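Notes for the one structure printed next.
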Amino acid sequence: MEEGLCENSVPGSGSGLVDKTRIVEVKPLRSLAPVLPKSLQLSISGRYPSGFPPFVLFGEPVESQPSPTPIPAPIRSYRKPSDEEETPHEVNGDTSSPVEGVNGESVDDSPNRPSQPMKSCKTSQKRRKKTQDFGGSSSVGVISMAQRDDGDREVVNLVLMNFDSLRRRFCQLEDSKELNTMMGTKRPDLRATNVMTSKVFRTNMRRRVGAVPGVEIGDIFFLRMEMCHVGLHAQSMSGIDYMSVKDEFQEETVALSIVSSGVYDNDAEEEDILVYTGQGENFNKKDKHVVDQKLQRGNLALDRSTHRQNEVRVIRGLRDAVNKHAKFYVYDGLYKIQGSWIEKGKSGGGVFKYKFVRLPGQPSAFAVWKSIQKWKRGSSSRTGLILADLTTGVETIPVSLVNDVDNEKGPSFFTYSNSLRDSKPFSMVQSSYGCNCNKTCVPGDLSCSCIQRNEGDFPYIANGVLVSRRPLVHECGPMCKCFPNCKNRVSQTGLKHQMEVFKTKDRGWGLRSLDPIRAGTFICEYAGEVIDRAKVNKNGGYNDEYVFDTSRIYNSFKWNYEPSLLDEISSSSEDYTIPSPLIISSKNFGNVARYMNHSCSPNVFWQPVLYAENNQYFLHIAFFALRHIPPMAELTYDYGCSDHADGSSAPQGRKKCLCGSAKCRGSFG
DNA sequence: GCCAGGTCATTTTA
DNA sequence: CTAAAATGACCTGG
């Protein structure tokens with residue numbers, strides 16, 4: 001019965017079939033439908049049925065590829081809610097509209113609803129009305145009405161994934177000059193926000209005191225907008241979020257959440273205490289005379305919350321002590337305000353101070369980060385440290401070996417290597433290997449043969465983040481004329497995060513990172529010895545725990561944004577196209593990837609990457625972050641299932657899954 | 001080349 | 001409707 005659990009996608013089937021269940025037929029939004037850039041139009045027009053050129057195109061790329069003179073079509077700016085309300089609705093009258101009827105409007109008596117001591121007043125009602133206005137024909141039917149009000153883990157992840165995928169796509173278009181910057185904002189995060197807002201693709205829009213369903217303590221964010229979209233902190237800039245609540249007799253404001261970014265000099269010495277400065281400039285902008293903060297807006301809400309003793313969510317903005325470029329936000333759970341006072345600020349004016357105390361019994365989040373910073377600075381030693389660098393210098397960043405669980409002194413012996421051995425090249429007749437670009441390949445330059453192979457898309461944005469999952473990513477390689485620092489060589493640049501191999505409680509050794517990892521970031525390649533498939537069959541299968549096998553059956557999943565968000569008709573394929581299976585053993589030789597454990601709801605995925613070396617093309621397996629990964633969270637990917645579909649062989653190689661996720665399939669391997 | 005600090009455009013909510 | 005805001009991206013000068 002286990003077989004039935006992993007039947008969805010067959011890698012290497014090559015058809016690049018579109019998952020039809022994911023496509024919602026949405027009519028173009030009247031005349032305001034965005035004009036797609038050329039590369040997108042191509043894939044939609046059916047030139048390549050799967051949205052991607054067939055694998056065999058390598059030999060003769062020039063004539064079969066898109067014209068090298070792209071006409072950058074502008075993407076129209078996206079509709080805003082106000083436009084929506086003014087124009088009359090054009091009702092589709094079809095069944096594609098959201099499933100709200102099914103999931104029900106039992107909003108008021110939902111058992112999952114967190115207890116809320118105060119009733120929200122008109123603000124929330126107004127918002128809900130707005131939501132209903134949008135619930136009609138033009139919205140994406142993925143988020144139900146109920147989910148817009150109250151989310152859960154799955155919806156929160158769905159919203160974040162779509163938002164970031166859109167953002168990356170806008171970055172990509174911006175990089176390749178395919179976006180008309182006259183239209184709308186230049187900022188990709190705000191562009192993505194406009195799309196998500198106009199399609200009401202968000203959750204937890206009902207504002208609330210206390211925990212937000214689906215958002216967990218320790219979750220990290222890289223943009224303020226991300227927290228807006230999942231209802232953690234509704235303000236796009238302001239540090240204090242609050243709302244008006246009604247008592248029997250009076251109406252007053254209460255604070256819901258705060259973001260502590262370190263702009264004001266807040267005291268962050270103690271892990272469970274935060275002294276937060278009220279809002280308001282300390283000097284008058286015009287004549288620069290010193291002014292006091294006023295007890296209004298956020299300050300007033302914090303003052304009321306001090307008296308009411310309601311829970312306030314705290315988000316801490318953090319910066320790495322060593323690598324100051326890495327800024328992100330951690331949700332640190334619920335606090336209460338213990339007291340407030342007035343101080344003299346730096347410029348001499350009076351400022352409000354609020355003492356936040358963390359409620360006991362919550363999992364640690366900010367405290368974890370504090371510990372990491374201490375280890376990094378060397379001001380405290382890592383408990384259970386066995387080895388400072390198990391790569392013996394092979395990686396530029398050392399990978400430590402840690403066991404703070406039991407007495408095991410480390411995994412069995414192997415040779416650390418970050419390369420792929422005995423790899424079989426793809427035999428293809430090639431007139432040339434690699435591109436002829438000068439210095440670095442430029443996004444949007446369709447004369448670059450590597451970009452051509454990626455259908456005109458540059459697969460990565462400027463900071464090295466992968467834009468979308470695709471059947472195959474073509475990177476530049478050693479044979480390309482471009483310099484080694486070309487942005488299209490992401491998987492060849494080695495580890496970028498400070499990683500740690502650690503002993504798990506019940507699943508042997510595992511891998512985690514001390515640094516936060518942004519979604520789409522390259523983590524590592526799967527290194528090891530390539531195994532001959534014929535050999536494997538002769539010996540009756542491999543008896544090897546350390547194996548990666550592309551011919552296993554993997555659950556399909558969606559990482560790229562819903563095409564209907566941009567009114568695209570079909571989505572590009574996320575199914576891998578691998579001409580022949582690749583099996584890699586890291587038993588004797590391998591890198592950190594050999595320690596990544598399986599999970600049924602993983603935070604890492606693999607992506608085939610191809611580039612040329614020594615006059616031949618070789619396939620590599622690269623791992624990327626599926627979502628934002630908090631520091632110290634174990635890195636896991638889906639191992640898939642070996643093919644027992646014929647039913648003849650017992651699933652003896654299967655292991656009981658201990659991933660503990662809500663969607664656990666029970667076994668893997 | 002790195003940074004700190006200034007500036008600009010932008011969205012959110014009350 | 002407008003203003004304020006603990007943004008984010010970019011530019012400049014030391």
Side-chain angles (χ1 to χ4, degrees), chain A residues 77-78 80-82 120-127 130 163 167 170-171 174-175 181-198 202 205-207 221-246 251-268 274-282 284-286 291 293-294 296-302 304 312-320 322-330 332 345-346 351-354 356 461-463 485 518:
Chain A
S77 64
Y78 297 94
K80 295 183 177 181
S82 51
S120 57
C121 71
K122 59 179 186 249
T123 317
S124 160
Q125 283 162 10
K126 201 164 63 184
R127 179 174 267 283
K130 209 171 162 187
F163 170 77
R167 189 191 63 82
F170 287 131
C171 284
E174 176 85 21
D175 286 350
T181 47
M182 299 302 284
M183 297 292 194
T185 164
K186 214 178 173 183
R187 277 174 54 176
D189 59 324
L190 299 185
R191 272 201 128 100
T193 290
N194 287 340
V195 174
M196 300 291 279
T197 305
S198 71
R202 12 170 89 191
M205 291 170 77
R206 196 173 64 80
R207 315 188 68 205
F221 305 89
F222 285 80
L223 293 164
R224 290 287 298 262
M225 279 304 181
E226 292 176 322
M227 298 187 272
C228 294
H229 291 309
V230 297
L232 182 62
H233 186 85
Q235 300 290 333
S236 62
M237 297 172 127
S238 180
I240 306 165
D241 193 18
Y242 57 98
M243 76 179 196
S244 181
V245 297
K246 216 170 203 165
E251 188 179 324
E252 65 178 8
T253 58
V254 284
L256 306 177
S257 55
I258 57 158
V259 179
S260 165
S261 290
V263 174
Y264 290 61
D265 52 339
N266 292 323
D267 177 22
L274 172 67
V275 176
Y276 191 83
T277 309
Q279 63 189 188
E281 291 285 352
N282 243 195
N284 192 310
K285 273 177 197 158
K286 281 176 189 165
V291 292
Q293 287 185 344
K294 293 182 186 68
Q296 57 181 20
R297 300 168 184 274
N299 298 342
L300 183 63
L302 289 177
R304 294 287 175 270
V312 181
R313 302 184 291 271
V314 169
I315 298 119
R316 297 193 185 237
L318 303 176
R319 221 176 270 271
D320 192 296
V322 182
N323 173 21
K324 289 196 171 176
H325 217 69
K327 189 199 171 185
F328 68 105
Y329 301 93
V330 183
D332 198 37
K346 266 188 210 160
V351 292
F352 293 103
K353 292 282 181 178
Y354 300 91
F356 282 74
I461 54 179
N463 61 2
N485 66 347
R518 197 168 185 170

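In what follows, every chain begins at residue 1, and chains take the letters A, B, ... in the order their sequences are listed. Only a predicted model underlies this, so the values are computations on that prediction, with no experimental measurement involved.
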(message) Rounded to whole Å, how long is the line connecting atom CG of A:Leu256 with atom P of B:dA14?
(response) 9 Å
(request) Have a look at A:Thr253 and say if it touches a base, only the backbone sugar-phosphate, or nothing, with a 4.0 Å heavy-atom cut-off. (result) nothing
(request) Could you pull out all residues at least two apart from A:His229 that satisfy ring pair (Phe, Tyr, Trp, His ring centres under 6.0 Å)? (result) A:Phe163
(request) Classify the nucleic acid contact of A:Gly298 as base, sugar-phosphate or nothing, counting any heavy atom under 4.0 Å across all strands shown. (result) nothing
(request) Specify the separation, in whole Å, of atom CD of A:Gln235 and atom C1' of C:dA6. (result) 11 Å
(request) Identify the two heavy atoms, one from A:His233 and one from A:Gly239, that lie closest to each other, and give their separation to 0.1 Å. (result) CE1-O, 3.3 Å
(request) Whole angstrom is fine here: how far is it from CG in A:Asn299 over to P in C:dA6? (result) 9 Å
(request) Find which nucleotide of DNA chain B each of A:Lys324 and A:Arg297 is nearest to by heavy atoms, and output the residue with the more 5' nucleotide. (result) A:Lys324
(request) Would you mind reading off the distance between A:Arg202 atom CZ and B:dT13 atom C1', rounded to a whole angstrom? (result) 12 Å
(message) My understanding is that only residues two or more places apart in sequence, or in another chain, count here; which of them pass salt bridge (charged side-chain N to carboxylate O under 4.0 Å, His left out) with A:Asp332?
(response) A:Arg316, A:Arg358
Kindly give the atom pairs (protein nitrogen or oxygen, nucleotide nitrogen or oxygen) under 3.5 Å for nucleotides 8-14 of chain C.
| unit_1 | atom_1 | unit_2 | atom_2 | d |
| --- | --- | --- | --- | --- |
| C:dG8 | OP1 | A:Arg224 | N | 2.7 |
| C:dG8 | OP2 | A:Tyr329 | OH | 2.7 |
| C:dG8 | O4' | A:Arg187 | NH2 | 3.2 |

(message) Expressed as a whole number of angstroms, how long is the span from A:Met227:CE to C:dA5:C1'?
(response) 14 Å
(message) Side chain of A:Tyr276 only, heavy atoms from C-beta on: which candidate in B:dT12, B:dT10, C:dA6 is closest?
(response) C:dA6
(message) The criterion is salt bridge (charged side-chain N to carboxylate O under 4.0 Å, His left out); which residues satisfy it with A:Arg187, sequence neighbours excluded?
(response) A:Asp189
(request) Could you check how far CG of A:Leu300 sits from P of C:dA4, rounded to whole Å? (result) 17 Å
(request) State which residues pass salt bridge (charged side-chain N to carboxylate O under 4.0 Å, His left out) with A:Asp175; sequence neighbours excluded, sorted by chain then number. (result) none
(message) Could you tell me if the side chain of A:Leu190 sits less than 4.5 Å from the side chain of A:Met225, heavy atoms only?
(response) yes
(message) Counting only side-chain heavy atoms from C-beta out, which of B:dA14, C:dA6, B:dT11 sits nearest to A:Asn194?
(response) B:dT11
(request) Find out whether A:Lys353 and A:Thr277 are in side-chain contact, i.e. whether some heavy atom of one side chain is under 4.5 Å from a heavy atom of the other. (result) yes
(request) Would you sketch DNA chain C in dot-bracket for me? Only Watson-Crick or G-U wobble pairs with both distances under 3.5 Å count, crossing pairs as [ ], other-strand pairs as |, the rest as dots. (result) .||||.||||||||
(message) Can you confirm whether A:Phe221 sits close enough to A:Leu232 that some side-chain heavy atom of one is under 4.5 Å from a side-chain heavy atom of the other?
(response) yes
(request) Let me know, please, whether A:Met237 or A:His325 comes out on the 5' side of the other along DNA chain B by nearest nucleotide. (result) A:His325
(request) Starting at atom CD1 of A:Ile258, determine the distance to atom P of C:dT7, rounded to an integer number of angstrom. (result) 13 Å
(message) Looking at B:dA14, I'd like to know if its phosphate oxygens (OP1 or OP2) sit under 4.0 Å from a side-chain N or O belonging to A:Arg207.
(response) yes
(message) Could you tell me how far apart A:Phe356 (CZ) and C:dA6 (P) are, to the nearest whole angstrom?
(response) 13 Å
(message) How long is the straight-line distance from CG of A:Leu318 back to NZ of A:Lys327, given to the nearest 0.5 Å?
(response) 10.0 Å
(message) Please determine whether side-chain contact (heavy atoms from CB on, under 4.5 Å) holds for the pair A:Val314 and A:Tyr276, giving the CA-CA distance in whole Å, both sets of side-chain angles, and the decisive distance to 0.1 Å.
(response) CA-CA 10 Å; A:Val314 169; A:Tyr276 191 83; over 6 Å; no
